[in-house]
There are 2 protein chains.
Amino acid sequence: MADKVILLDYWVSPFGMRVRIALAEKGIKYEYREEDLSNKSPLLLQMNPIHKKIPVLIHNGKSICESLMAVQYIDEVWNEKSSLLPSDPYQRSQARFWADYVDKKIFDVGRNLWAKKGEEQEAAKKEFIEVHKLLELELGDKTYFGGDKLGFVDVALIPYYTWFKSYETFGNISLEKECPKFIAWAKKCMQIESVSKSLPDQDKVHDLIVELRKMSY
Amino acid sequence: MADKVILLDYWVSPFGMRVRIALAEKGIKYEYREEDLSNKSPLLLQMNPIHKKIPVLIHNGKSICESLMAVQYIDEVWNEKSSLLPSDPYQRSQARFWADYVDKKIFDVGRNLWAKKGEEQEAAKKEFIEVHKLLELELGDKTYFGGDKLGFVDVALIPYYTWFKSYETFGNISLEKECPKFIAWAKKCMQIESVSKSLPDQDKVHDLIVELRKMSY
């Protein structure tokens, strides 16, 4: 039986983008279904009854929820192509640690850059730079977090780059100035086809954030 | 070379307890080092410079931080004994999903049961019961979340049972009444030696919470 793979997603979601990149990395054909998050489909509610969130990967009728779980699942099921996670248990634990760090830090801090003002925004600005300096340190001299090829941490992190125009514009930050190696890494990732074809343009994301921002005041 | 395993921990931490259970399940000898969280050891700061939190597993000089990462690491390195995570990728994704659910829900909601009053406490009470009803549903007719033996979700979840006297006393809840199958599961887990010998007594935890609570008003 041919694999039937469906992705319930929303185009601007960095979490959904992770799953799109992982599927593209493995060369898996799938049906992309855009969700209207203000009017979620019965399929989304059925497939992710606990969190009711995108992305949901549906593989032959079974759902895998939470983006990092879905990326690990894809890596484990379609394991003929090169792995996103390293084979060494220690290296694997470190990849999981940093992907978890990305999950704990970037989305919320990033949101405070464009949705808040004053002190809260200033605190977010400071933390945003600190977080990226730490990530830059972890990257070190490697081309990617995964070494000489795209890995789990790269897949977890690069989607946020599509939000950078908004982060930088509203947060009044130049990350290129603060963390040049981080930006060089991001640009290198964007040259990989599985990444570039899975991610929306920064301008398109920014246009949406501009509108969202109007509603949040 | 014999493995040198050290655990930096604090006795009342449900996160630390997970690592203790996993080590006990695998029969690994290790050195337990109790941390004073108000005066963290140089080793803790060196081994977990990012989060500066316990538990930290140190294996032959290398640190693995974040409890679920440490449990997965233990399961992958000492893989001769039966696995905590299932071998099937889909089942594995579900185990990770539920362990993550435990991480996202229980600690904070539980804290609001004993540290808050009024509306916040009432909301926590409602959510605490909802969360455990969902977990009970996921358990279904299985003996453990891992099936007929202790698994990853069991290891992630059972430590919170040591806080139940406090949750139930201050939250004025009887989970045995609300979720009898959940409590039956917890009692069955407590009969397993790797669990019982790794966890402190509910009364001892409660005595500490009573003191902490005095400070939080």
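FYI, side chains are in, hydrogens and waters are out, and symmetry mates aren't considered; it's all heavy atoms of this structure.
When the shell of 6.0 Å around CD of B:Glu31 is examined, it contains more than 12 heavy atoms from other residues, nucleotides or ligands. Within 6.0 Å of CD in A:Glu80 there are more than 12 heavy atoms belonging to other residues, nucleotides or ligands. Counted within 6.0 Å of NZ on B:Lys142, heavy atoms from surrounding residues, nucleotides or ligands total more than 12; the atom is thus considered enclosed. The environment of A:Lys104 atom NZ is dense: over 12 non-hydrogen atoms of other residues, nucleotides or ligands sit within 6.0 angstrom. Annotation for A:Lys53: atom NZ does not count as buried by contact number, only 12 or fewer foreign heavy atoms lying within 6.0 Å.
For chain A, the option among B:Gln72, B:His59, B:Glu138 with the highest count of heavy-atom pairs below 4.5 Å is B:Gln72. In terms of heavy-atom pairs under 4.5 Å with chain A, the best-connected choice from B:Ser63, B:Cys65, B:Ala70 is B:Ser63.
Heavy atoms closer than 4.5 Å to chain A are found in the side chain of B:His51, but not in its backbone. With a threshold of 4.5 angstrom between heavy atoms, B:Ile50 approaches chain A through side-chain atoms but not through N, CA, C or O.
Residues of residues 83-103 of chain B lying within less than 4.5 angstrom of chain A, judged on heavy atoms, are B:Pro89, B:Tyr90, B:Arg92, B:Ser93, B:Gln94, B:Arg96, B:Phe97, B:Trp98, B:Asp100, B:Tyr101 in numerical order.
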